[in-house]
Amino acid sequence: MARQLTSGDLRTPITFFGYEPIQGPEPGEQEKETLHYCFCEIYASSQKDLEILKTVNAKESITINIRDPLMDYIPDRKHFAEIGHYSYTGKVWNIVEVRPDAQSLGFINIVLAVV
């Protein structure tokens, strides 16, 4: 029987952000814009997730669960994430895939990779 995810399992802070283009004639991107802040559960990527990660040149990968923010924030592959845990300090994670959690309604799974 699959384990049911609860809000008490979400203990690690995570911030989702995007980069804003620089205003003016110079190319590039400026400071990041925070899109969403919440708590997540981190776990090792499953075999299914590892198959998905073969499409990107990932140096490191994890999968997280978050409470579905509904229309407040919709995770997108153009967004990035920073995890507020000492094990992940200084790493910027790319969103590789977003899907509803099959075992727990109201939660979503996000596959993250450092590329």
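In the hydrophobic clustering of this structure, Ile110 does not group with Tyr43; members are Ile, Leu, Val, Met, Phe, Trp, Tyr whose side-chain heavy atoms approach within less than 4.5 Å, directly or through other members. Both Leu50 and Ile52 belong to a single network of hydrophobic side chains, linked directly or stepwise wherever heavy atoms of I, L, V, M, F, W or Y lie under 4.5 Å apart.
Atoms CD and CG, on Glu82 and Leu112 in that order, are 12.0 Å from each other to the nearest 0.5 Å. Separation of atoms CZ (Phe17) and CD (Glu33) is listed at 11.5 Å; rounding is to 0.5 Å. Going from atom CZ of Arg11 over to atom CD1 of Ile42 covers 12.0 Å, rounded to the nearest 0.5 Å. Rounding to the nearest 0.5 Å places CD1 of Ile14 at 4.5 Å from CD1 of Ile83.
Taking all atoms of both residues into account, the shortest heavy-atom contact from Asp76 to Ile95 is O-CD1, 3.4 Å. Smallest separation of non-hydrogen atoms from Cys38 and Phe16: SG-CE1, 4.0 Å.
Applying the ring pair (Phe, Tyr, Trp, His ring centres under 6.0 Å) rule to Phe39 yields the partners Tyr37; only residues at least two apart in sequence or on another chain are considered. Looking at residues two or more places apart in sequence or on another chain, you find a salt bridge (Lys or Arg N to Asp or Glu O under 4.0 Å) between Lys91 and Glu60.
Within the 4.5 Å cutoff, the side chain of Glu41 has no heavy atoms near those of the Phe107 side chain. In this structure, the side chains of Gln103 and Asn65 stay at 4.5 Å or more apart for every pair of heavy atoms. No side-chain heavy atom of Pro75 sits under 4.5 Å from any side-chain heavy atom of Leu35. Residues Glu97 and Leu53 form no side-chain contact, since every pair of their non-hydrogen atoms from C-beta on lies 4.5 Å or further apart. Put simply, the side chain of Val56 does not reach to within 4.5 Å of the side chain of Val111, judged on heavy atoms.
The existence of a salt bridge linking Glu51 and Lys54 is confirmed by a sub-4.0 Å separation between a basic side-chain nitrogen and an acidic carboxylate oxygen. Residues Asp72 and Arg67 are not paired through a salt bridge, judged by the lack of any N-O separation under 4.0 Å between the basic side chain and the carboxylate.
A donor-acceptor distance shorter than 3.5 angstrom exists from the side chain of Asp68 to the backbone of Leu70, with no hydrogens or angles considered.
Relative ring orientation between Tyr88 and Trp93 is described as perpendicular, the plane-to-plane angle rising above 60° on a 0-90° scale split at 30° and 60°.
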